[in-house]
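To start, the structure itself, in structure tokens.
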Amino acid sequence: MSHPHDDPHPHQPDIEDAPLGYHETLTEALLALLRDKGVFSADELRRTLEEIDSRSPADGARLVARSWIDPAFRERLLHDVNAAARELGIDAGGIPIRAVADTEQVHNVIVCTLCSCYPRLLLGAAPDWYKSRAYRSRVVREPRAVLREFGLELPDEVQVVVHDATAELRYLVLPCRPAGTEGWDEPALAALVTRDCMIGTAMPIVPG
Ligand code: FE
């Protein structure tokens, strides 16, 4: 019996095998220039990238959960997500983020039709499907069909609103608080709020 690792892996190219594209070359050149000019060091760059990579949807979920139990916080969150996040010690970054609240009548979904703009500091790295051409083009044209593929079937009377994120403005969906969570504390509520709930491709589900 052969061990799977005895086989060669012809379909797993090393990442160095592909030549650098135009934008990668430009990025490398700009990085080298900024380092040489002393604008930042390689260590500072590494620490910044580590900080970005360490972010997860837990931060966004805390904001949503707090908005469910604190109406005044919800108002401030709807007015200015970045400032409201700072209240909880969360750095949402310098790019404005707008909270869009679901209601019984309206369901919000976010996309970046141009590329992959995303509230990364609140949700962590974007999933691959968010960056895919299929999602970016289809969710605008046929949001209900796309949501159905995510397992989210919305009643006909619910209006679906798609928000197109940009480099200047990003979005965070505030889903409706699910029934049956009366009296729950903030951590228990936050545990219901998944990444996809805050993109709008899922809704919080109470287990059991
Ligand atoms: Fe983008």
Side-chain angles (χ1 to χ4, degrees), residues 39-41 43-103 106-131 135-136 139 150 152 161-178 181-207:
V39 176
F40 56 74
S41 68
D43 189 52
E44 284 169 324
L45 176 63
R46 178 191 56 75
R47 269 188 279 126
T48 302
L49 292 175
E50 279 184 352
E51 163 69 17
I52 291 171
D53 285 348
S54 73
R55 307 305 282 265
S56 84
D59 285 333
R62 277 179 66 205
L63 298 181
V64 173
R66 177 68 64 94
S67 81
W68 285 344
I69 56 180
D70 182 345
F73 180 81
R74 179 185 168 88
E75 286 309 308
R76 296 197 295 280
L77 188 65
L78 288 168
H79 177 71
D80 185 337
V81 169
N82 306 64
R86 275 195 295 277
E87 290 182 35
L88 303 194
I90 298 168
D91 175 11
I95 297 167
I97 300 168
R98 181 174 296 161
V100 286
D102 287 349
T103 66
V106 176
H107 180 83
N108 295 283
V109 186
I110 60 171
V111 65
C112 172
T113 53
L114 200 60
C115 41
S116 57
C117 298
Y118 187 76
R120 179 185 262 272
L121 292 177
L122 293 180
L123 300 188
D128 285 343
W129 57 258
Y130 185 84
K131 302 178 236 176
Y135 178 75
R136 285 159 40 219
V139 78
F150 278 95
L152 185 56
V161 181
V162 181
H163 303 270
D164 193 0
T166 68
E168 286 84 36
L169 180 65
R170 288 158 194 197
Y171 294 91
L172 178 76
V173 173
L174 300 189
C176 294
R177 179 173 177 164
T181 60
E182 295 73 20
W184 288 30
D185 66 8
E186 190 180 302
L189 290 169
L192 300 177
V193 185
T194 64
R195 175 195 70 197
D196 288 9
C197 291
M198 294 178 278
I199 301 175
T201 51
M203 293 213 280
I205 295 167
V206 179

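All residue numbers in this chain count up from 1 along the given sequence.
Relative ring orientation between Trp129 and Tyr135 is described as perpendicular, the plane-to-plane angle rising above 60° on a 0-90° scale split at 30° and 60°.
Considering only heavy atoms from C-beta on, Ile205 stays 4.5 Å or farther from Thr194 through its side chain. Under the 4.5 Å side-chain criterion, counting only non-hydrogen atoms from C-beta, Ile97 is not in contact with Leu121. Counting heavy atoms from C-beta outward, Leu123 and Tyr130 have side chains that stay 4.5 Å or more apart. With a 4.5 Å cut-off on side-chain heavy atoms, Thr48 and Phe40 do not count as touching. Leu49 is not listed as a side-chain neighbour of Arg46, based on a closest heavy-atom distance of 4.5 Å or more. Contact of the Thr201 side chain with the Leu152 side chain is not registered, since no non-hydrogen atoms from C-beta on lie closer than 4.5 Å. The shortest side-chain heavy-atom distance between Leu78 and Leu174 falls under the 4.5 Å cut-off. Within the 4.5 Å cutoff, no side-chain heavy atoms of Val193 are placed close to those of Arg177.
The shortest non-hydrogen separation linking Ser116 to Cys112 is N-SG, 3.5 Å. Smallest separation of non-hydrogen atoms from Pro204 and Cys197: N-SG, 3.4 Å. Taking all atoms of both residues into account, the shortest heavy-atom contact from Ala167 to Ile95 is O-CG2, 3.4 Å.
The CG atom of Asp102 sits 5.0 Å away from atom CG of Asn108, with the distance rounded to the nearest 0.5 Å. For the atom pair CG (Leu172) and CE (Met198), the distance works out to 6.5 Å, reported to the nearest 0.5 Å. Distance check: Glu50 CD to Asp53 CG gives 8.0 Å after rounding to the nearest 0.5 Å.
The backbone N or O of Thr113 sits less than 3.5 Å from a side-chain atom of Asp164, completing a donor-acceptor pair.
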Hey, can you pull the donor-acceptor pairs under 3.5 Å for the side chains in residues 58-69, sequence neighbours left out?
{"from": "Asp59", "atom 1": "OD2", "to": "Arg55", "atom 2": "NE", "distance (Å)": "3.4"}
{"from": "Arg62", "atom 1": "NH2", "to": "Leu88", "atom 2": "O", "distance (Å)": "3.1"}
{"from": "Arg66", "atom 1": "NE", "to": "Glu186", "atom 2": "OE1", "distance (Å)": "2.5"}
{"from": "Arg66", "atom 1": "NH2", "to": "Glu186", "atom 2": "OE1", "distance (Å)": "3.4"}
{"from": "Ser67", "atom 1": "OG", "to": "Val64", "atom 2": "O", "distance (Å)": "2.7"}
{"from": "Trp68", "atom 1": "NE1", "to": "Pro175", "atom 2": "O", "distance (Å)": "3.0"}

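Of the residues Glu168, Arg170, His163, the one that meets the side chain to side chain contact (heavy atoms under 4.5 Å, CB included) test with Thr166 is Glu168.
Surrounding CG of Asp128 are at most 12 heavy atoms belonging to other residues, nucleotides or ligands under 6.0 Å away. Heavy-atom neighbours of Arg136 CZ from other residues, nucleotides or ligands within 6.0 Å: above the threshold of 12.
Pairs of residues two or more places apart, or lying in two chains, that qualify as side-chain hydrogen bond (donor to acceptor under 3.5 Å, both in side chains) and include a residue from residues 76-89 are Arg76-Glu87.
A salt bridge does not link Arg47 to Glu51: none of the charged side-chain nitrogens sits closer than 4.0 Å to a carboxylate oxygen.
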### Steps toward side chain to side chain contact (heavy atoms under 4.5 Å, CB included) verdict (Trp184, Val206)
CA-CA 11 Å; Trp184 288 30; Val206 179; 3.8 Å; yes

